[in-house]
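Proteins come first, then strands; the chains are lettered A, B, ... in the order of their sequence lines, and each starts at number 1.
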Protein chains: 2
Amino acid sequence: MPLDNYQEILSDPPAKGRMISNLSVDCCIFGFENNDLKVLLVQHASGRSQGQWALPGEFVLKDRNLKEMPHHVLQRLTGLENIFVEQLGTFGRLDRVDYGRIITIAYYALISPQKYNLKVGADALDVAWVNVAEATKLIYDHNEILDYAMIKLRDRIKTYPIGFELLPDKFTLTHIQKLYEAMLGHSLDTRNFRRKMLSSKLLQATSEVDDSVPYRAPKLYTFDKERYDEMLVEGYFFQL
Amino acid sequence: MPLDNYQEILSDPPAKGRMISNLSVDCCIFGFENNDLKVLLVQHASGRSQGQWALPGEFVLKDRNLKEMPHHVLQRLTGLENIFVEQLGTFGRLDRVDYGRIITIAYYALISPQKYNLKVGADALDVAWVNVAEATKLIYDHNEILDYAMIKLRDRIKTYPIGFELLPDKFTLTHIQKLYEAMLGHSLDTRNFRRKMLSSKLLQATSEVDDSVPYRAPKLYTFDKERYDEMLVEGYFFQL
DNA sequence: TCAAAAGTGTTTGCAATACACCCATGC
DNA sequence: GCATGGGTGTATTGCAAACACTTTTGA
């Protein structure tokens with residue numbers, strides 16, 4: 001399923017009167033394909049920022065709890081619900097945007113490739129998955145936000161098994177190793193990695209293999225959501 | 001130096017016109033005394049919230065960068081500068097305050113006991129250091145914020161040696177052990193703790209001892225700021 | 001038969017843990 | 001001399017790290 005194969009479904013932005021005009025939410029939406037970590041960017045369609053690439057975002061809505069806002073952004077942009085989201089932090093330099101004093105609350109989201117199904121809203125010219133390393137020259141302070149997201153993500157992946165949020169339901173051990181390597185920015189020892197993953201009890205072997213490959217077909221695993229939820233509570237540490 | 005011995009210096013709140021009226025900053029300001037972790041609370045002097053205890057806070061000022069705001073709060077409240085501060089997160093439930101849609105950015109600050117020197121602003125009836133365990137029944141969602149601060153603090157103390165921010169310039173090994181125990185909520189093995197602390201190279205033994213005690217005078221240590229800064233960069237991990 | 005990746009065990013060293021007694025001081 | 005906390009060492013265990021070859025499959 002290629003990443004650039006999205007549907008052109010218009011999704012209208014909310015009316016101005018429903019927005020809190022000095023407060024926005026911006027999202028670093030991450031995906032993983034072809035052993036690369038990607039981030040979802042939009043190109044602004046109008047106004048002073050027309051043509052520039054940005055993290056997707058919205059003004060906070062008057063009638064929504066703050067924590068619903070990143071889901072609202074994801075819903076408008078991708079139609080997806082129940083996505084993993086965490087707050088990153090709030091950015092409020094005086095000159096961070098060029099048209100007023102806007103403070104933004106940044107979130108990051110992790111979505112699995114089965115779910116790529118992008119809409120392009122009426123306020124965006126284009127939407128694209130971009131390799132994180134190539135997502136330079138974003139508008140406003142969005143590169144600062146993205147850099148911060150990467151730091152947090154690396155930190156988080158070492159402590160919680162959130163990487164699974166980026167994988168399809170069934171995946172191979174190599175698949176998840178490549179994901180960790182992409183996130184951490186260095187390679188990992190295969191034997192040690194596999195031992196650790198399997199001993200974590202997070203994985204469940206299926207009887208299936210991935211026979212679409214032109215070499216020895218690797219086993220497919222699924223990921224044990226119950227065990228994962230237990231770990232989130234007990235403060236699991238994942239040393240890598 | 002007793003904690004409740006503060007000066008009654010009035011520090012006027014900023015004019016309403018300088019504030020962003022839907023955005024506030026609230027601070028969990030932590031101190032450590034008598035082996036207890038304390039948080040600084042204020043009692044509101046006027047308005048609907050009069051008499052209630054709260055985390056100190058302010059509305060965000062139009063002409064200040066967001067990251068200066070917690071320092072502004074600390075400055076007004078305590079007169080202190082150069083305090084360790086980190087952002088916790090932003091809280092925005094629709095009904096979190098009872099007089100409108102206010103979103104608040106929460107910070108936590110760590111201050112050392114030498115620096116206790118509190119002012120009481122014109123907008124506060126009273127200011128007090130309260131044991132964290134006893135800081136219940138705060139106004140709005142401030143208990144939620146404080147609970148979250150404690151979780152973050154525990155997490156952080158396990159990874160970075162931020163505990164030193166809560167100690168005076170010279171301290172004993174027992175002193176810092178008690179601090180860690182208070183933060184983590186359980187006791188630690190003295191021999192292991194000392195070995196680990198000393199091998200971290202964060203401490204520098206002085207030739208002095210604390211001879212104010214009625215038993216064997218313990219050695220005083222200072223803390224090596226340079227080594228600490230190195231560690232913050234190299235992502236030091238402090239397993240406790 | 002070759003290419004490409006899957007899959008598999010053992011050894012080594014370090015760091016965390018558990019554990020108990022003597023020491024110095026002031027009263 | 002006694003009460004109080006200061007200060008110290010060793011043995012064990014578990015986990016992370018380093019390391020290389022055989023297996024399977026499709027082309």
Side-chain angles (χ1 to χ4, degrees), chain A residues 34-35 154 157-159 161 167 170-182 184-222 231 234-240, chain B residues 33-36 154 157-161 167-168 170-182 184-222 231 234-240:
Chain A
N34 298 129
N35 297 343
R154 262 187 220 118
I157 197 84
K158 280 188 260 185
T159 317
L167 294 175
K170 291 174 187 168
F171 50 85
T172 68
L173 282 171
T174 301
H175 202 171
I176 187 165
Q177 187 181 340
K178 295 293 179 193
L179 169 60
Y180 271 79
E181 289 177 342
L184 296 171
H186 59 83
S187 59
L188 296 166
D189 181 276
T190 303
R191 281 169 295 188
N192 293 336
F193 183 83
R194 285 169 171 250
R195 180 178 35 250
K196 210 171 313 187
M197 270 299 155
L198 291 170
S199 72
S200 77
K201 309 290 185 198
L202 282 171
L203 302 186
Q204 224 158 358
T206 66
S207 53
E208 298 166 69
V209 294
D210 175 7
D211 45 22
S212 72
V213 293
Y215 45 79
R216 176 172 176 178
K219 269 190 209 157
L220 286 168
Y221 291 81
T222 59
M231 285 180 168
E234 77 198 32
Y236 178 70
F237 183 74
F238 207 80
Q239 194 67 17
L240 273 169
Chain B
E33 199 184 65
N34 298 131
N35 297 342
D36 282 317
R154 262 186 221 119
I157 198 84
K158 280 187 260 185
T159 317
Y160 295 100
L167 294 174
K170 291 174 188 166
F171 49 84
T172 68
L173 282 171
T174 301
H175 202 170
I176 187 165
Q177 186 182 339
K178 295 292 181 196
L179 168 60
Y180 272 79
E181 289 177 342
L184 296 172
H186 59 84
S187 59
L188 296 166
D189 181 277
T190 304
R191 280 168 297 186
N192 293 336
F193 182 83
R194 283 167 175 251
R195 181 178 33 249
K196 210 170 315 188
M197 270 297 155
L198 292 170
S199 71
S200 79
K201 309 291 184 199
L202 281 171
L203 302 185
Q204 223 157 358
T206 67
S207 53
E208 298 166 70
V209 294
D210 175 7
D211 46 21
S212 71
V213 294
Y215 43 81
R216 176 173 176 177
K219 270 190 209 159
L220 286 168
Y221 291 81
T222 59
M231 285 180 170
E234 77 199 32
Y236 178 70
F237 183 73
F238 207 79
Q239 196 65 17
L240 273 170

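In this structure, A/D211 reaches neither bases nor backbone, as no heavy-atom distance under 4.0 Å exists between it and the strands shown.
Mapping A/T172 and B/A217 onto DNA chain C by nearest heavy atom places A/T172 at the nucleotide closer to the 5' end.
Here the side chains of A/F171 and A/L203 are in contact, with some heavy-atom distance below 4.5 Å. Between A/F193 and A/D189 there is no side-chain heavy-atom pair separated by less than 4.5 Å. Between B/K158 and B/L184, some side-chain heavy-atom pair lies under the 4.5 Å cut-off. Residues A/L220 and A/V209 fail the side-chain proximity criterion, which asks for heavy atoms closer than 4.5 Å.
In this structure, OH of B/Y221 is placed 12 Å from P of D/dG6, rounded to the nearest angstrom. A/Y215 places its OH atom 11 Å from the P atom of C/dA4, with the value rounded to the nearest Å. Put simply, CG on B/D189 is 14 Å from C1' on D/dA11, counting in whole angstrom units. For the pair A/R191 CZ and C/dT10 C1', the interatomic distance rounds to 9 Å; values are reported in whole Å. In this structure, A/L220 atom CG and C/dA6 atom C1' are separated by 13 Å, rounded to whole Å. Going from atom NZ of B/K178 over to atom P of D/dG5 covers 8 Å, rounded to whole Å. Across the protein-nucleic acid pair, B/D210 atom CG and D/dG5 atom P stand 13 Å apart, rounded to whole Å. A straight line from CD of A/Q177 to C1' of C/dA5 spans 12 Å, rounded to a whole angstrom.
Among C/dA6, D/dG6, D/dA18, the nucleotide with an atom closest to any side-chain atom of B/T174 is D/dG6. When distances run from any side-chain atom of A/K219 to the nucleotides C/dG7, C/dG9, C/dT17, the shortest one goes to C/dG7. Here C/dA24 is the nucleotide among C/dA6, C/dA24, D/dA17 with the atom lying nearest to any side-chain atom of B/R216. Nearest to the side-chain atoms of B/K196 among the listed nucleotides D/dG26, C/dA16, D/dG7 stands C/dA16. Closest approach to the B/R194 side chain among C/dT17, C/dG7, D/dG6 is made by D/dG6 (side chain taken as heavy atoms from C-beta onward). Among the nucleotides D/dG7, D/dA27, D/dA18, the one closest to the side chain of A/N192 is D/dA18.
Listed for the A/E181 side chain is a donor-acceptor partner under 3.5 Å among the backbone atoms of A/L188.
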